[in-house]
Amino acid sequence: MKEKVQTFGRFLSGMVMPNIGAFIAWGIITALFIETGWRPNERFAQLVTPMSTMLLPLLIAYTGGNVVAGQRGGVIGAITTMGVIVGSDVPMFIGAMIVGPLSAWIIKKFDKFMENKIPAGFEMLVNNFSLGIFGAVLALLAMVGITPLVGALNSVMQAGVGFFVDHGLLPLTSVFIEPAKVLFLNNAINHGILSPMGIQQVEEIGKSLFFLLEANPGPGLGILLAYCIAGKGSAKSSAPGAVIIHFFGGIHEIYFPYILMNPLLLLAVMAGGASGIFIFNLMGVGLTAPASPGSIFALLMMAERHSYAGLLLGIAVSAAVALIVALPLLKFMGKDTSLEEAQQKKDSMKRQAKGIAEPAAAEGSLGNDMAKDGATQGKVHKIAFACDAGMGSSAMGATVLKKKIAAAGLQGIEVIHTPVSSIPADVQIVVTHRELGERAARSNPNAERILITNFLAAPEYDELVLELKGRNQ
């Protein structure tokens, strides 16, 4: 079930994340030139509404359609989305997420049906007219059929959010958001759910708190600081570096393994997240666009001009609360705060539950992971570091591996970073977090898998370099 939810969430966020640059451009124009912006300019502010109501939904629809059926899917997705855009007076991000992939799936099924049935020389004619006819029909259907449905869905969501806001219960959303983040659903929550609602709110009042519900780095910062103070083993030694990457680099996935080691720490991030949202809401804090990655620099850049004091205070309070709650929990967990001990304990419990005998060596070792996957040993030319979105922790991991491989004098090995759901078929070794291991196996079942728990201090990196020396030389 968790894997299915991750996959669905990845599909939603996968329509938004490739277009984050466009969202940031819109956010910068909004922050600068609207009536309450830094440099109000009526002429430049005319860009804000067309970008949010037309450009951004069309980009989302094209991206979603392209994922389903390539360029033809992207084109028909954009055509169909014009129906929901014209039929509504609010930004149709949810509508674009629905009709973009759906229309691409329809044209894909038609192309499959017509395969080997088109006379030679008529391929272009059939392809162009089928795309045009289907696009026109689906745009009309979307305008009269999908638009009211999405409008009703928007109303339900607004009523639900309004209930939380009106009753002062918005901080309770952390009870759901923080655990979901640790299960690598952070991108799905932020870009698939919260960002569309936030952009609609920006159109109305010029800023939105929704952009901060998931992106607040405070709770994760508190957890990492707690490990700096009370952690043990490699968890403690790697925590200071993780603080820098998390807070300044904006890669929140870096602190997820620290919570997975001690699940009781979920209480700390929930308390920290709730306290931060309380401060943000109390002081009227909001961003003008999604902050991606969730770096303090990105947050400050996207913050509404009157929100800086409240933003910094909310982050500080959420970090302090998470730290205060996490410290006694870490001390209570005692020896389990060691990264290696926690992983071995988890693996041992898993084997006992399945009635499997204890192996001679730890299952987390490089050799056992590769042998477990049944991979064929041979010369390695391509390695992929995979994470949920393929842009955060995987990029960092790929950089670390490249440096270690170069320092070892190994040549001809390409190291890439990629989403775990779309690992290229020519990749021979995949490095990913243990929580994403099953998805990596489904994405590229032929690749050897190296499953790690700590992005910064994974001993598997050095073991992999030694393995590559033996195999490539």
Would you give the length of the straight line joining atom [atom1] of [X] to atom [atom2] of [Y], rounded to the nearest 0.5 angstrom?
X: F385; Y: H433; atom1: CZ; atom2: NE2; result: 9.5 Å
X: R442; Y: R439; atom1: CZ; atom2: CZ; result: 10.0 Å
X: T30; Y: F23; atom1: OG1; atom2: CZ; result: 11.5 Å
X: L266; Y: L329; atom1: CG; atom2: CG; result: 10.0 Å
X: E463; Y: L468; atom1: CD; atom2: CG; result: 12.0 Å
X: M51; Y: I29; atom1: CE; atom2: CD1; result: 4.5 Å

So the ring-ring contact (aromatic ring centres under 6.0 Å, His included) pairs with at least one residue in residues 279-302 (sequence neighbours excluded) are F248-F297
Do [X] and [Y] come within less than 4.5 Å of each other through their side chains, counting heavy atoms only?
X: H252; Y: P217; result: yes
X: V243; Y: C228; result: yes
X: L300; Y: L312; result: yes
X: M15; Y: F93; result: no
X: T418; Y: S443; result: no
X: F278; Y: L170; result: no
X: I277; Y: L212; result: no
X: L330; Y: L265; result: yes

Check against side-chain contact (heavy atoms from CB on, under 4.5 Å), N127 and R72 = CA-CA 9 Å; N127 288 339; R72 278 171 63 81; 3.5 Å; yes
Quick check: does any side chain N or O of [X] sit under 3.5 Å from a backbone N or O of [Y], one acting as donor and the other as acceptor?
X: S174; Y: A274; answer: yes
X: R471; Y: V380; answer: no
X: T288; Y: M302; answer: yes
X: K181; Y: E214; answer: yes
X: N444; Y: N446; answer: yes
X: Q428; Y: K379; answer: yes

For N66, what residues pass the side chain to side chain donor-acceptor pair (under 3.5 Å) criterion, not counting sequence neighbours?
-> none
Non-hydrogen atoms of [X] and [Y] that approach each other most closely:
X: L225; Y: L323; value: C-CD1, 3.9 Å
X: T81; Y: P57; value: CG2-O, 4.1 Å
X: L221; Y: A319; value: CD2-CB, 4.0 Å
X: L59; Y: N19; value: O-ND2, 3.4 Å
X: K402; Y: V415; value: CE-O, 3.0 Å
X: P219; Y: A322; value: O-CB, 3.6 Å

K382, NZ atom: more than 12 neighbouring heavy atoms under 6.0 Å = yes
Crowding at OH, Y308 (>12 non-hydrogen neighbours, <6.0 Å) = yes
Could you walk me through whether T80 and L102 pass the side-chain contact (heavy atoms from CB on, under 4.5 Å) test, one step at a time?
-> CA-CA 9 Å; T80 307; L102 178 61; over 6 Å; no
May I have the step-by-step check of side-chain contact (heavy atoms from CB on, under 4.5 Å) for V269 and Y255, ending in yes or no?
-> CA-CA 11 Å; V269 289; Y255 79 86; 4.3 Å; yes
List the steps and the verdict of side-chain contact (heavy atoms from CB on, under 4.5 Å) for M97 and I60.
-> CA-CA 7 Å; M97 289 180 174; I60 289 172; 3.9 Å; yes
Flag for Y461-K403: side-chain donor and acceptor within less than 3.5 Å = no
